[in-house]
Amino acid sequence: EKGTYPHYMLKEIDEQPFVIRNIITKYKDEDDSIKLDEEVRQAVQSADRIYIIAAGTSYHAGLVGKELLEKIANIPVETHIASEFLYNMPLLSKKPLFIFISQSGETADSRGVLVNVKKLGHQTLTITNVPGSTLSREAEYTLHTYAGPEIAVASTKAYTAQMAVLAILAVDTARASGLEMDFDPLQELGIVANAMEIFTEQKDVLEEVARDYLSVSRNCFFIGRSMDYHVCMEGALKLKEISYIQAEGFAGGELKHGTIALIEEGTPVIGLATQEKVHLNLRGNMKEVVARGAYPCMISMEGFQEDDDKIVMPKVHDYLTPLVSVIPMQLISYYAALHRGCDVDKPRNLAKSVTVE
Ligand code: M6R
């Protein structure tokens, strides 16, 4: 039930710090190590390549998952849109593992891929919020995201939960493979949960940003680089689906290759800069759009912030910034939709789970 909340989406956004703390508890063993099924550990560790298959927001979590598994566990990963993979399968490696990410566990496009790769004899693991779901029952292994029921069509807490589980899985795999690891995901996720609360407790600031930037805009761009780029894609999807503002997430460096032509006087551009390697490059990209009239809103992180950044998130580990930086985007989308009189929890033309191809 949504209790005193006006919308499920807002309630689910607010639940995220608790979801992350719940995940920490569920994946922690008595000796503070990671608790994971030995079979799952084996399956991931023995794969020569991982194929992540998902749709929508879960696909965006999969893009971050690729970064985490490659950087932390040193396994090559490809992330694919389920509906594309279904009819256009790339050449596979010798010992692939397929990871399906799905909040509902019922997405038909992903199920189509699951059925096909099972026929080929490949190993399958589903990361889902609904353990009894079709994708969970039909895959060999399941990891539970423990986010609790997600009712709003716009996915929020399922996304952050998926990324948390992927980070844990990546570190567990790295440790099982004997890789040196100074990143403790269970501890770092605790810091993330606290950082999330800073935003869920400061909604007035984000409501103001939504009012200021998005009350009358026709479109909006989200730009970032590396992990921030993936979060920008998610921020844009959130804004599109509930506020019907045309929004796109772009890689900051790619703008000058075409998209920058769309920038006009007053076009809102939300920039995200949390990654040490590229935050200065992104600031350069923001200058380029501002010079063409864009109305900029910078989201940065403590340590990399500059004076006129609109939103500064608390410092969290480089690998986990998406879990926190997405929250202002979720809230900005929520308030933009609200101000524009949209049906936040049930946007037009959409269903919570897409059980047709
Ligand atoms: O249940 P799933 O995670 O498989 O659903 C995938 C997408 O349909 C879903 O994430 C969709 O994009 C959301 N409406 C996004 O907010």
Side-chain angles (χ1 to χ4, degrees), residues 13 52 54-68 79-84 101 153-156 158-160 162-163 199 206 209-210 213-214 217-264 267-275 277-279 281-286 288-290 292 294-301 309-311 313 321-337 347 350:
I13 290 173
I52 295 179
T57 290
S58 298
Y59 168 71
H60 296 154
L63 293 173
V64 173
K66 169 189 161 73
E67 308 275 342
L68 296 173
T79 302
H80 291 271
I81 293 173
S83 58
E84 281 299 305
I101 305 179
V153 165
S155 184
T156 53
Y159 170 73
T160 42
Q162 288 161 351
M163 295 189 295
F199 288 130
L206 298 160
V209 171
Y213 283 77
L214 299 168
S217 315
R218 205 164 45 87
N219 56 7
C220 176
F221 298 99
F222 291 75
I223 68 170
R225 301 176 77 122
S226 70
M227 292 256 252
D228 291 333
Y229 167 40
H230 306 319
V231 182
C232 283
M233 290 169 73
E234 172 57 12
L237 177 60
K238 265 327 56 101
L239 188 62
K240 282 187 262 216
E241 71 176 330
I242 59 169
S243 77
Y244 318 140
I245 297 170
Q246 183 162 22
E248 292 308 329
F250 283 108
E254 188 65 9
L255 285 172
K256 58 184 175 297
H257 299 287
T259 310
I260 202 165
L262 293 170
I263 304 292
E264 296 172 346
T267 304
V269 177
I270 297 178
L272 179 59
T274 71
Q275 297 292 301
K277 265 194 195 160
V278 289
H279 72 105
N281 308 60
L282 194 273
R283 289 190 186 277
N285 301 137
M286 281 301 263
E288 291 156 12
V289 292
V290 168
R292 280 136 186 113
Y295 186 33
C297 174
M298 266 304 286
I299 306 178
S300 66
M301 185 166 75
D309 293 350
K310 280 262 173 231
I311 298 160
M313 62 177 243
T321 58
L323 284 88
V324 182
S325 63
V326 76
I327 298 198
M329 295 188 181
Q330 294 169 345
L331 283 164
I332 290 169
S333 300
Y334 172 79
Y335 287 114
L350 291 170

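Keep in mind that this is a model prediction, so the values were computed, not measured.
With 3.5 Å as the limit, one finds a donor-acceptor pair spanning the side chains of Thr321 and Thr274. Side-chain contact check for Gln162 and Ser58: at least one donor-acceptor pair (N or O, by modelled atom type) lies under 3.5 Å.
Residues Leu331 and Val209 form no side-chain contact, since every pair of their non-hydrogen atoms from C-beta on lies 4.5 Å or further apart. The side-chain heavy atoms of Thr267 and Leu262, taken from C-beta on, include no pair separated by under 4.5 Å.
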Cut-off 3.5 Å, no hydrogens considered: what does the side-chain donor-acceptor table look like for residues 217-226, sequence neighbours left out?
from, atom 1, to, atom 2, distance (Å)
Ser217, OG, Tyr213, O, 2.5
Arg225, NH1, Asn285, OD1, 2.7

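Judged purely by atom type and a 3.5 angstrom limit, Thr57 has no side-chain atom pairing as donor or acceptor with the backbone of Tyr159. Judged by distance alone, with hydrogens and angles left aside, the side-chain atoms of Lys240 form a donor-acceptor pair with the main-chain N or O of Ala247 at under 3.5 Å. Judged by distance alone, with hydrogens and angles left aside, the side-chain atoms of Lys238 form a donor-acceptor pair with the main-chain N or O of Ser155 at under 3.5 Å.
What you find for Ile245 and Leu214 is that their closest heavy atoms are CD1-O, 3.7 Å. For the residue pair Ala273 and Met298, the shortest heavy atom distance occurs at CB-CE, 3.7 Å. The shortest heavy-atom contact between Tyr335 and Ala210 is CB-CB, 3.6 Å. Between Gly252 and Leu282, the shortest heavy-atom contact is CA-CD2, 4.1 Å. Closest heavy-atom contact between Ile242 and Ser333: CD1-O, 3.5 Å. Contact between Leu239 and Ala336 at its shortest, heavy atoms only, is CD1-CB, 3.9 Å.
Every residue meeting the side chain to side chain contact (heavy atoms under 4.5 Å, CB included) condition with Ala55, not counting sequence neighbours, appears here in chain and number order: Thr107.
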Chi angles and distances behind the side chain to side chain contact (heavy atoms under 4.5 Å, CB included) call for Leu255, Val289: CA-CA 9 Å; Leu255 285 172; Val289 292; 3.9 Å; yes
Before you tell me yes or no, could you show the steps for Val64 and Leu323 under side chain to side chain contact (heavy atoms under 4.5 Å, CB included), namely the whole-Å CA-CA distance, both residues' side-chain angles and the distance that decides it to 0.1 Å? CA-CA 10 Å; Val64 173; Leu323 284 88; over 6 Å; no
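When each of Glu67, Lys66, His60 is checked for a side chain to side chain donor-acceptor pair (under 3.5 Å) with His230, only Glu67 meets the rule.
A distance of 11.0 Å separates CD in Gln330 from CZ in Phe199, rounded to the nearest 0.5 Å. Here the CD1-CD1 distance, from Ile299 to Ile270, works out to 6.0 Å after rounding to the nearest 0.5 Å. In this structure, CG on Leu272 lies 7.5 Å from CE on Met313, to the nearest 0.5 angstrom. With rounding to the nearest 0.5 Å, the separation of OG1 in Thr79 from CD1 in Ile52 is 4.0 Å. Within the model, atoms CG of Leu237 and CE of Met329 stand 12.0 Å from one another, a figure rounded to the nearest 0.5 Å. Atom OG of Ser325 and atom CE of Met301 lie 9.0 Å apart (nearest 0.5 Å).
Salt bridge absent: Glu288 and Arg292 never bring a charged side-chain N and a carboxylate O closer than 4.0 Å.
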